[in-house]
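Since the structure comes first, as structure tokens, the remarks are kept for the end.
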Amino acid sequence: MVHSLATVVELVNTSPSTGGDEGLAGLAELQAFVESREISGVGRLTARDLGQLRMVREAFHRVFTAADQPSAVRLLNALLSETRITPRLTEHDGHPLHVHYFAADATLAEHVAADCGVALAHLLVEGEAERLRTCAAPDCERVFVDESRNRSRVYCDSRTCGNRMHVAAYRARRRA
Ligand SMILES: [Zn+2]
Ligand SMILES: [Zn+2]
């Protein structure tokens, strides 16, 4: 679950709509993403996989940026309704026994939609929708899951936005 949440965060943050360049520009980037997230059993990747994964990515981004919990639920249900989900216990590549939610013959996009969709569903069921955040730094729209105890995190960590903002605040105070 934790792994799937980290995967969906990393996926959404490859989107140009989070403020950076297209992180899934081609098949090389797609392959690198699959390897870094240890997404198993996807076979040879094609331009079709790339297109489909980008669509799923945008659907997940809409869940992260939903205005409120009911909207997040509606958007996630729409995504789940288009995804085949078949829970299956498995052990592979040295990982302990865990559950895969994607169908055995799933494409890459279906694989990610199923596993990350279920992980987000559990988060919403636990009443944790507000942990799905967008970075508060002015030029950054990256998403993150706030896992702090008091749900106080406001900046993503990928480009050290927190440090950047603290330095800016410090300089602003010195000028004042
Ligand atoms: Zn696995
Ligand atoms: Zn940021």
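Order of listing sets the numbers, starting from 1, for every ligand and every atom in it. All values below were derived from every heavy atom in this structure, side-chain atoms included, with hydrogens, water molecules and symmetry-related copies excluded. Predicted model, so just to flag it, every value in this text is computed and none were measured.
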- prompt: What about the rings of His3 and His98, do their centers lie closer together than 6.0 Å?
  reply: no

task: Identify the heavy atoms of Val143 and Asn13 that sit nearest to each other, and give their distance.
output: N-OD1, 2.7 Å

message: For Arg151, is there an ion pair with Glu128 - N to carboxylate O distance below 4.0 angstrom?
response: yes

task: For the residue pair His111 and His100, categorise the inter-ring angle as parallel (less than 30°), tilted (30 to 60°) or perpendicular (more than 60°).
output: tilted

message: What I'd like to find out is whether the side chain of Ser17 reaches to under 4.5 Å of the side chain of Glu141, using heavy atoms alone.
response: no

message: Working to 10°, measure the angle at the Zn ion (ligand 2) formed by atom SG of Cys135 and atom SG of Cys140.
response: 110°

message: Within the 3.5 Å criterion, strictly below it, is a donor on Thr7 or Arg37 matched to an acceptor on the partner's side chain?
response: yes

statement: Result, protein N, O or S atoms below 2.8 Å from the Zn ion (ligand 1), excl. waters, equals 3

